[in-house]
Amino acid sequence: MSDPKDTAAVRQFTVRADDDGVRLDRWFKRHLPQIGFATVNRWARTGQIRVDGKRADPADRLTTGQVLRVPPGGDAPETKARTRKPLTEAQIALADSMVITQDRAAIVLNKPPGLATQGGSGTYEHVDGLLDAFAPDGPRPRLVHRLDKDTSGVLLIARTPGAAAFFSKRFSGRTARKIYWALITGVPSIEDGLIELPLAKQPGTGGEKMMVDESEHGQPARTRYRVIDRAGNRACWVELQPLTGRTHQLRVHMAAIGHPIVGDGKYGGPEAFLSGSISRKMHLHARRLIIEHPDGAPLDVVAELPEHFAASMEQLGFDEADGADLPEAPRLPEREARKLAAKAHAKQYRKERRGERKGGERKSGDRRARTGGSGIADAPPKKRGPTKGKGSPKPASKPAGKPLAAKAPARARRPAGTKAAPRPGKR
């Protein structure tokens, strides 16, 4: 393979396994970002880009082992390449201290509480800024998911663009299993339950805070929880499994059922803090991650508790070993997962259709449209029951000899949005 820095000569690159299946234009964006999309299109149109000696189109997908010919020209890499800010010895040491395990495709970190995943307004120290420590000369590792600043635990980093695409697909497809531990105030009336409450950004907070929104604007959100142990009625230790991936989902859901996560003043207010010597830091920890790996064998990683969480567990009389004895919670059934995805797609489609019609016409798909003219858009026709008169069907008679069923006893009141979780093996 020729030197990619020599833009005055024809260059040849062999497609690596990490780039198998990627589009040609995406390959350029990954490896030669200094060459613009218009230039790639022009080279392809004039036959100057060749794959295994044949003309190629920007939309063609590459295969491992193919040889890509790139003509001379394009901006020099030094003119547009991102310059890496050198890390201090302390930053390198911090990055190394977080590593749980690493291989050719992934680096798994145990993120400490208080360290942001990415930078933002006024945030200068974050995990993303430390990733150069793992590849001083090669491709820069990439984040594939995130944790809140005050949440600790397993954070997966992809070493290469190909690995990032692989892991991202597993997260978006909900095949990755994330298991959290948390301490919450009080004890839920249902100790093994499922919370189904849609979430949306809270207006006026700039997207910094979420809320339960059961209107059409809320995005579906599901959380499986179960109590592992309890400290009387004061607090309990729970295992949480997010079945969807909304922002702050676990925090909002637990606060919504009246049992906020200990230390989460943002959503729980004063009720989220325990008296005594229990730390006021957030007690939410990404304990375990199970995800497919590009090499085939699944990646199953556990992160140790941070110091303040472990101290609170000890003070409340909880034993970490009890968490390992629980059976794994059943995964979201495939049929329900498809139904949830279809519902979200339909909602997004309705939102995109709004505003398309002009001239004062009623907005398509708007469930809140006024009932003038033909009524609500896309409303399904109402089913008509049997009518009196000639030719109307007679109501079915009740079977003779069978007593009427006794009325079921009233159930104990449960928090809104929760229901008992399905037993393993049942849907």
Side-chain angles (χ1 to χ4, degrees), residues 117 144-151 153-154 168 170-182 184 188-227 238-261 264 266-269 272 282-291 329-351 367 414-422 427:
T117 303
V144 289
H145 70 124
R146 292 160 183 79
L147 294 177
D148 294 343
K149 180 178 180 180
D150 295 321
T151 302
V154 179
S168 295
R170 271 66 193 170
F171 279 109
S172 62
R174 310 294 179 216
T175 59
R177 182 178 296 182
K178 296 176 285 186
I179 299 172
Y180 290 75
W181 280 1
I184 62 173
S189 57
I190 300 174
E191 295 195 356
D192 189 344
L194 185 67
I195 304 172
E196 293 183 280
L197 292 170
L199 304 179
K201 292 180 180 179
Q202 183 171 317
T205 62
E208 294 292 328
K209 194 172 182 180
M210 304 293 287
M211 66 177 188
V212 172
D213 185 353
E214 298 191 83
S215 73
E216 63 178 5
H217 302 292
Q219 295 294 314
R222 296 159 56 93
T223 299
R224 171 75 190 272
Y225 76 89
R226 54 184 170 186
V227 175
V238 294
E239 179 191 67
L240 305 173
Q241 294 190 34
L243 303 181
T244 53
R246 309 300 173 200
T247 302
H248 298 175
Q249 176 177 316
L250 302 180
R251 299 166 61 183
V252 180
H253 272 177
M254 297 315 296
I257 66 171
H259 300 283
I261 294 172
D264 187 11
K266 184 170 188 173
Y267 290 103
M282 176 96 76
H283 287 71
L284 178 61
H285 180 70
R287 174 66 174 181
R288 186 179 178 189
L289 174 66
I290 307 170
I291 190 171
R331 297 176 65 173
L332 184 65
E334 185 179 351
R335 184 178 177 183
E336 284 193 56
R338 289 199 304 266
K339 184 178 178 182
L340 196 64
K343 185 177 179 182
H345 174 74
K347 182 177 291 186
Q348 184 64 30
Y349 175 78
R350 289 196 301 270
K351 287 183 179 180
R367 291 166 59 186
R414 61 181 60 165
T418 64
K419 64 181 181 181
R427 294 188 176 182

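Predicted, not measured: the structure shown is a model, and the values here were computed from it.
Atom CG of Asp148 sits about 7.5 Å away from atom OG1 of Thr117, to the nearest 0.5 Å. Between Arg174 atom CZ and Arg222 atom CZ the span is 11.5 Å, to the nearest 0.5 Å. A distance of 7.5 Å separates CG in Leu284 from CZ in Arg251, rounded to the nearest 0.5 Å. Rounding to the nearest 0.5 Å places CE of Met254 at 4.0 Å from CD1 of Ile184. From Leu197, atom CG reaches atom CD1 of Ile257 across 8.5 Å, with rounding to the nearest 0.5 Å. Expressed to the nearest 0.5 Å, how far NZ of Lys201 lies from OG1 of Thr247 amounts to 7.0 Å.
With contacts defined as side-chain heavy-atom distances shorter than 4.5 Å, the pair His248/Leu250 does not qualify. Looking only at side-chain heavy atoms (C-beta outward), Ile179 and Glu239 come within less than 4.5 Å of each other. Side-chain atoms of Val227 and Asp192, non-hydrogen and from C-beta on, never get closer than 4.5 Å to each other. Taking 4.5 Å as the limit, every side-chain heavy atom of His285 sits out of range of all side-chain heavy atoms of His283. Side-chain contact between Thr151 and Tyr180 is present, with at least one heavy-atom pair separated by less than 4.5 Å. The shortest side-chain heavy-atom distance between Trp181 and Leu240 does not fall under the 4.5 Å cut-off. Contact of the Arg246 side chain with the Pro198 side chain is not registered, since no non-hydrogen atoms from C-beta on lie closer than 4.5 Å. You'll find the side chain of Arg288 stays beyond 4.5 Å of the side chain of Arg177, heavy atoms only.
Closest of all the heavy-atom pairs between Gly268 and Pro260 is CA-CB, 3.6 Å. Taking each heavy atom of Ile261 and Ala272 in turn, the nearest pair found is O-CB, 3.6 Å. Summarising the geometry of Gly218 relative to Ala200, their closest heavy-atom pair is CA-CB, 4.2 Å, with the distance given to 0.1 Å.
Checked against side chain to side chain donor-acceptor pair (under 3.5 Å), Glu208 has no partners two or more places apart in sequence or in another chain. By the side chain to side chain contact (heavy atoms under 4.5 Å, CB included) test, Lys209 is found to be paired with Gln202, Thr205, Lys266, Tyr267, residues two or more places apart in sequence or in another chain being considered. In this view, Thr223 and Gln249, His253 satisfy the side chain to side chain donor-acceptor pair (under 3.5 Å) rule, not counting sequence neighbours. Scored by the side chain to side chain contact (heavy atoms under 4.5 Å, CB included) test, His145 finds Leu155, Leu156, Phe171 as partners (sequence neighbours excluded). Considering only residues two or more places apart in sequence or on other chains, Asp213 meets the salt bridge (charged side-chain N to carboxylate O under 4.0 Å, His left out) condition with none of them. In this view, Asp150 and Met282 satisfy the side chain to side chain contact (heavy atoms under 4.5 Å, CB included) rule, not counting sequence neighbours.
The backbone N or O of Ser168 sits less than 3.5 Å from a side-chain atom of Ser172, completing a donor-acceptor pair.
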Fill in: Candidate pair Leu199 and Gln219, rule side-chain contact (heavy atoms from CB on, under 4.5 Å), full reasoning
CA-CA 5 Å; Leu199 304 179; Gln219 295 294 314; 5.7 Å; no
